[in-house]
Amino acid sequence: MVTAMSVRVRFLSPGDAGAVGAVGRSASFAGFSGAQSRRIAKSLTRSSVRPRTPGRPSRTYGTLRKGSVCLDPQPQQVKRIFEALKRGLKQHLCAQQAELDYLCGRHADARRDSRLAFYYDLDKQTRWVERHIRRMEFHISKVEELYEGYCVQCRLRDGATNMQRAFSQGPPSRASRESLQELGRSLHACAQDMWLIEGALEVHLGELHVRMKGLVGYARLCPGDQYEVLMRLGCQRWRLKGRIESDGSQTWEEEEKAFVPTLHENLEIKVTELRGLSSLAVGTVTCDIADFFTTQPRMVVVDVTELGTIKLQLEVLWNPFDSESLLVSPSPTGKFSTGSRKGSLYHWTPPSTPSFRERYYLARQEPVSTESLMDCILESFAFLNADLAPDELSLFGGSRDPREDRTPPAPSRKAPSRELRAGAGELDAVLVVHLQVCKALLQKLASPNLSRMVQDCLLEEAAQQKQVLETLSDLDFDKVGKATSVEDIIPQASRRKGCLKLWHGCTGPGAVLSCPATTLLSQLKRTFLHRVRGRHSGQLETVCHRLLEQVVSCSGLLPTAGLPEQQTVTWFQFHSYLQKQSVSDLETHFAQLTKEVTLTQELLCAGQVKTVRKLRGKRLGLLQPLPQTLRAWALLQLDGPPRVCRAARARLASAAKHRSFREKALLFYTNALSESDARLQQAACTALQQLRGIESIDQIASLCQSDLEAVRNAAREATLSFGEKGRSAFEKMDKLRLEQGDAFCQEADVEITIF
């Protein structure tokens, strides 16, 4: 195939093909003599001739499996797939290059401090990654070469088409008829070449590993329901059946299937509900395969029904090579994924017999002895200060000998401290705010017994903060100081036209990216004073405070440090809040927030039954909901009269049908399980029981060991309400409690024996 393309390029370059096409588009081309036209047509024919015995690829082309009829090439579709494929291959190459850089950086330390076996394994891993990088680079060059040849044939076909149109419009003659016949053969040959190159390009598309995660439907999925899912990609099919169990879990016949992607086919999914001897079609969707050429596994959630009441959740992992060429290590430890191989390398266990250096350290150390231990730790990090100048060492408070760090230097040699600045006062203030947010996120991520759901939200917010810091690093400092509005620095801010007017009232020239919280609070009061008159009079102050709290606390994800009025608010915080709440009209959003604040206060006053009954339907969908609303609602289950308690629990159970509300409520109540307020912990357990929050089952089960009986009972009741998974979690925690008790008794016996 490569030989054929090189022959064509020698006969007719891309520039010549464009020139021929330009000539063919002109009407004067029909005036050529018969001999000249025949020579041009024959040259086009010779340029697209293929060898009779082309090299057969390692696997059959997907395009060739469709039959012997030459299909019409689709250059636009091929271009779209090629761009997505090239982008995905380069992502893989960057990931492997980053791993190689890390492994190379480990060589020096491994040679000095590690065991010989570990160093040998590290060296073998490094060589394997280098080979994989070379193969990936060749793979990318091969894809680019195929697409370049495809573009040449495409231009040749366009030129021949234009020439054919020009001959057809000219006067009929014998020479023109012969030329049209030659051009027809040339068009057919070009189409065949493009068709074969499409097949060759399909060989380099790799494989798609589709893993079934299950159906999501909340009220539409009932225990005992059976579904059949049919996935089709060209001639490849995967049919599997699943069943909804009594505890809400799902069982499927198979979990994973490998598909070979094609250029002109997308992944079609059809879901059917099985009802005895009959079946009911639920819906059919189509997924574009161009979205799957990424390094990381792609989690796909598609709406099977038009209203989105049933969704299908899939995980798609793209392997750029064949299944026998998975990214695994040739080490004798077995086949691992990239993440597990990193774990085996970077978290190795020290040998049981200490080396000479380790025996020397152990001999010196007397019984999530302090002085000698600090010496060992500081000496391990001595290399950090090896390449710094003496004046730079003073800024970091260190010296070349780490054990001298604890002795203060002489006053005469102490260098003056310098503050780190970005060069613009506006950027300094914004950076400080977002670095404090990052610090709070990391501190909360380090909290014990944190649920996976809360971790995902914190990591997502941390990724957004990282993007903000990257945006700030790319700004022009001089432009920031001279800007008169936020649009001058961030052009994307102009999309929030309804909110920019309010932000402009809070900022001024030279300070457009941030403002004091008190300024934003005053501007909110002036702007929305007319919205809270009459029915909601007296609520303006509270509503403005609630909005400000949501802005500075990442929509309630983080606890506010101190009063929100004493903080600085940035444009990025304000824009992030509007984006999370899907605010298109700030005035309408403020009106809805006012109603929710009023509703929260009504939950704490008389007439609570009437208020709780309002929490349904459209009224429920308009709630953010605020943390104050969820807290008051949960406490009603415990502190209210019996009638109110029953109504509050019933409304929470019905609210589980609203996806957006349930996600935010699960996040708040799961987070409340780790709070120090015992009453709130008990209420959160009861609320999660009503919401069927099985995602937080481990955190609820951990409260079964609480010191307070009320909390223990609420956690036990909520855990056991989750069916088989709840009983399993309860037994696990009970077994852990017994083991801890036995260990405590054994330690007590040892202490008594010693004394």
Side-chain angles (χ1 to χ4, degrees), residues 216-222 248 307-309 453 536 539 542-543 546 550 555-556 581 591-673 675 677 679-697 699-700 710-711 713-715 717-723 726:
V216 181
Y218 307 116
R220 284 291 304 272
L221 300 180
C222 301
L307 299 178
T309 55
M453 178 176 51
H536 303 289
Q539 301 292 342
T542 305
V543 177
R546 292 290 177 265
Q550 293 292 294
S555 297
Q581 302 299 332
Q592 295 173 355
L593 188 62
T594 304
K595 294 179 181 179
E596 182 172 354
V597 169
T598 305
L599 181 69
T600 305
Q601 294 180 354
E602 292 176 355
L603 289 175
L604 302 175
C605 302
Q608 296 165 333
V609 175
K610 183 179 179 181
T611 304
V612 171
R613 288 177 178 173
K614 296 179 182 178
L615 297 171
R616 61 179 177 181
K618 184 178 179 181
R619 185 72 179 271
L620 186 65
L622 294 178
L623 298 179
Q624 286 200 25
L626 290 171
Q628 292 80 4
T629 305
L630 295 172
R631 181 187 181 95
W633 195 346
L635 291 176
L636 275 182
Q637 303 173 107
L638 307 178
D639 300 334
R643 187 181 176 187
V644 175
C645 293
R646 290 193 299 268
R649 295 181 182 183
R651 283 292 174 263
L652 270 177
S654 63
K657 302 176 184 178
H658 296 264
R659 178 182 178 184
S660 177
F661 177 86
R662 184 179 184 271
E663 290 178 352
K664 296 177 182 178
L666 283 180
L667 181 63
F668 173 79
Y669 291 131
T670 305
N671 201 17
L673 295 177
E675 297 290 337
D677 189 349
R679 198 64 176 165
L680 183 58
Q681 286 180 333
Q682 181 184 357
C685 290
T686 307
L688 289 171
Q689 177 183 352
Q690 306 303 324
L691 291 170
R692 301 294 300 166
I694 198 171
E695 298 90 338
S696 308
I697 189 172
Q699 285 66 38
I700 300 175
V711 178
N713 294 336
E717 182 180 356
T719 303
L720 296 178
S721 68
F722 295 140

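The basis for the numbers below is simple: all heavy atoms, side chains too, and nothing from hydrogens, waters or symmetry mates. None of the values given here were measured: they were computed from a predicted structure.
- Among all heavy-atom pairs drawn from Gln699 and Leu673, the shortest one is CB-CD1, 3.7 Å.
- Atom CG in Leu691 sits 6.5 Å away from atom CZ in Phe661 (nearest 0.5 Å).
- Contact record, Lys664 with Leu630: O-CD1, 4.1 Å, taken as the closest heavy-atom pair.
- For the side chain to side chain contact (heavy atoms under 4.5 Å, CB included) with Arg631, the qualifying choice from Leu680, Leu603, Thr600 is Leu680, the only one to do so.
- Remark: Gln628 CD to Arg546 CZ distance equals 4.0 Å, nearest 0.5 Å.
- Other residues, nucleotides and ligands place more than 12 heavy atoms under 6.0 Å from the CD atom of Glu602.
- Nearest heavy atom pair, residue Leu636 against residue Cys645, reads O-SG, 3.2 Å.
- What you find for Leu652 and Gln637 is that their closest heavy atoms are CD1-OE1, 3.4 Å.
- A distance of 12.0 Å separates CG of Leu666 from CG of Asn671, quoted to the nearest 0.5 Å.
- Gln681 and Ala672 make their closest contact through CG-O, 3.8 Å (heavy atoms, listed as atom of the first residue, atom of the second, distance).
- Minimum interatomic distance between Gly556 and Pro627 (heavy atoms only, all atoms of both residues): CA-CG, 4.5 Å.
- The line from OG1 of Thr611 to CH2 of Trp633 is 11.5 Å long, rounded to the nearest 0.5 Å.
- Counting only distance, with no hydrogens or angles, the side chain of Glu596 and the backbone of Thr629 share no donor-acceptor pair below 3.5 Å.
- Atom-to-atom distance recorded for Arg662:CZ and Arg692:CZ is 9.0 Å, nearest 0.5 angstrom.
- For the residue pair Gln601 and Gln539, a side-chain donor N or O sits within less than 3.5 Å of a side-chain acceptor on the partner.
- The structure places CG of Leu638 at 5.0 Å from OG1 of Thr686, a figure rounded to the nearest 0.5 Å.
- Side-chain contact between Arg679 and Asp639: present, with at least one pair of heavy atoms (C-beta onward) separated by less than 4.5 Å.
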